[in-house]
Amino acid sequence: MDKFAFIIHPLDVQDVARKFGFARRLPARVIEGALRYLPPMKVSHITGVRTPYGEVEGYFVGCPLTARQMLELPQGFVLKRIIQAGKVAEKLGARIVGLGAFTSVVGDAGITVAENLNIAVTTGNSYTVATAIEGTKEAARLMGIDLRCAHIVVLGATGSIGKVCARILAREATRMTLVARDTARLEGLAAKILYESGLAVTVTSDVKKALRAAQVVIAVTSAVDTLIGPGDLMPGAVVCDVSRPRNVSRQVAEMRDDVLVIEGGVVEVPGEVNFNFNFGFPPRTAYACMAETMILALEKRFENFSLGRDISLEQVEEISALAKKHGFKLAGLRSFERAISREEIEAIRARAEARLTGGKKVFIMS
Ligand SMILES: NC(=O)c1ccc[n+]([C@@H]2O[C@H](COP(=O)([O-])OP(=O)(O)OC[C@H]3O[C@@H](n4cnc5c(N)ncnc54)[C@H](OP(=O)(O)O)[C@@H]3O)[C@@H](O)[C@H]2O)c1
């Protein structure tokens, strides 16, 4: 049976403490200091990925560095660790390896990693884009928002995921703001979008200002700290938070009952998949980037797929079609690690409408 692997890592030190109880009593810098000396290792065996067209098995391989370490440690050191994790995947017999979370953010988004391995590599970002857009559209529809006239904000718009999201949404949007820290790159993207779809987008590096007027937000930055707090959103706003670690603060869930925050890129896997590892999802669901790796393995496409920061619209369309063929689909909408029902969304919508028509200032629960 063909094999795939997927590289995972702790998002933060709390992730490490959840897994290893003794670490709870240790200061964060001690935990991170120890992680620097831990080599990548096999974490679990993934079985039961079965579709009408085939079956594959795989492995999670751990690259024990937090997201912050991946951004702050010397890039050469971090890349070496990710390549070592890829070598573990090779030894396990995987023919393709997916790069999870920040292992695809570091450096050139997988290109150097792929050059140093003898197996195929993908970041999984094409299918992440497809599912983020599908989820955003569904959430907006349920909140009564017409994307064609809504003000859409893409946070992290110049990134591997953000750039294609913006280009796809620009085909139907009439108002869009692109946000990142580097405004020169934003302007380049704005010019490309104007050329491709005729839409003149606004660009800014002021996250808070952009959010204030946003009805729909796709959050896909590589920030390790949250960017969206409870006071930043207007009533009725829809946010699709694709970022891991999250861009939306948990306080938004606690303090704002009039906005809808959904998790981007959560997918139902066909068959009786057993990950033999708890990454906080319900059974038989995975991140879209994991799903892309499985789909390519099922298709025997042992070639590099989503690499670098210029993913094409065709790649997104192709992986979506293959996902459909094999029976992968968006899992129901989820918000802060739990499923959110139609009734709950209707209640959010009603509260938002009442606040907007009542002309009151945004109400923040304490
Ligand atoms: N849910 C899933 O299935 C899934 C799958 C893959 C990846 N992800 C997550 O998605 C996120 C993005 O991944 P990516 O590969 O697209 O990353 P990327 O290519 O590195 O892009 C990151 C983007 O965020 C911007 N950015 C970074 N820090 C920022 C800040 N403080 N304020 C505003 N903008 C900021 C960057 O531009 P500037 O540097 O100019 O600011 C860039 O536009 C990561 O959190 C990753 O873990 C999730």
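Ligands are counted one by one from 1 in listed order, and the atoms in each one are counted from 1 as well.
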Out of D310, D108, N125, T123, which residue meets the side chain to side chain donor-acceptor pair (under 3.5 Å) rule with S160? N125
Under 4.0 Å from any heavy atom of [X], which atoms of ligand 1 are there?
X: A223; result: 28 (N), 31 (N)
X: A101; result: 47 (O)
X: G264; result: 1 (N)
X: F102; result: 45 (O), 47 (O)
X: I161; result: 6 (C), 7 (C), 8 (N), 10 (O), 13 (O), 16 (O)
X: A288; result: 3 (O)

Looking only at heavy atoms, is any part of [X] under 4.0 Å from ligand 1, and if so is it the side chain, the backbone, or both, or is it neither?
X: R309; answer: side chain
X: T123; answer: neither
X: D182; answer: both
X: M290; answer: neither

Roughly how far apart are [X] [atom1] and [Y] [atom2], rounded to 0.5 Å?
X: R349; Y: E353; atom1: CZ; atom2: CD; answer: 5.0 Å
X: R250; Y: T226; atom1: CZ; atom2: OG1; answer: 11.5 Å
X: L330; Y: E268; atom1: CG; atom2: CD; answer: 8.5 Å
X: L99; Y: T122; atom1: CG; atom2: OG1; answer: 7.5 Å

[atom]: which protein heavy atom is closest, and how many Å away?
atom: atom 39 (O) of ligand 1; value: R181 NH2, 2.9 Å
atom: atom 4 (C) of ligand 1; value: T128 CG2, 3.8 Å
atom: atom 12 (C) of ligand 1; value: V220 O, 3.3 Å
atom: atom 15 (O) of ligand 1; value: N125 ND2, 3.4 Å
atom: atom 34 (N) of ligand 1; value: A180 CA, 3.6 Å
atom: atom 17 (O) of ligand 1; value: V105 CG2, 3.7 Å
atom: atom 44 (C) of ligand 1; value: T221 O, 3.6 Å
atom: atom 43 (O) of ligand 1; value: T158 OG1, 2.7 Å

Would you say the side-chain atoms of S320 pair up with the backbone N or O of V316, donor to acceptor, closer than 3.5 Å? yes
Option with minimal heavy-atom separation from atom 45 (O) of ligand 1, where the choices are R246, R244, R185: R244
Where the closest heavy atom to atom 25 (C) of ligand 1 is concerned, which of G308, G156, A132 has it? G156
Side chains of [Y] and [X]: any donor to acceptor distance under 3.5 Å?
X: N247; Y: T221; result: yes
X: Q69; Y: H9; result: no
X: S341; Y: E344; result: yes
X: E292; Y: S306; result: yes

Can you spot which of V16, I31, L65 makes a side-chain contact (heavy atoms from CB on, under 4.5 Å) with P10? V16
Is V242 in polar range of ligand 1, meaning some N or O pair under 3.5 Å apart?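 It does: an N or O of V242 is found under 3.5 Å from an N or O of ligand 1.
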Polar contacts were defined as any N/O atom of the residue lying under 3.5 Å from an N/O atom of the ligand; does this apply to G159 and ligand 1? yes
Quick one, E172 with R167, criterion salt bridge (charged side-chain N to carboxylate O under 4.0 Å, His left out). Give me CA distance, side-chain angles, the key distance, then yes/no. CA-CA 10 Å; E172 52 188 301; R167 289 174 61 207; over 6 Å; no
I'd like to know whether ligand 1 has G124 as a neighbour, heavy-atom separation below 4.0 Å.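 In this structure, G124 fails to qualify as a contact of ligand 1 - no heavy atom is under 4.0 Å.
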Ion pair K137/E134, N-O distance below 4.0 Å: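 No.
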May I have the step-by-step check of side-chain contact (heavy atoms from CB on, under 4.5 Å) for M143 and Q215, ending in yes or no? CA-CA 10 Å; M143 287 290 282; Q215 288 161 294; over 6 Å; no
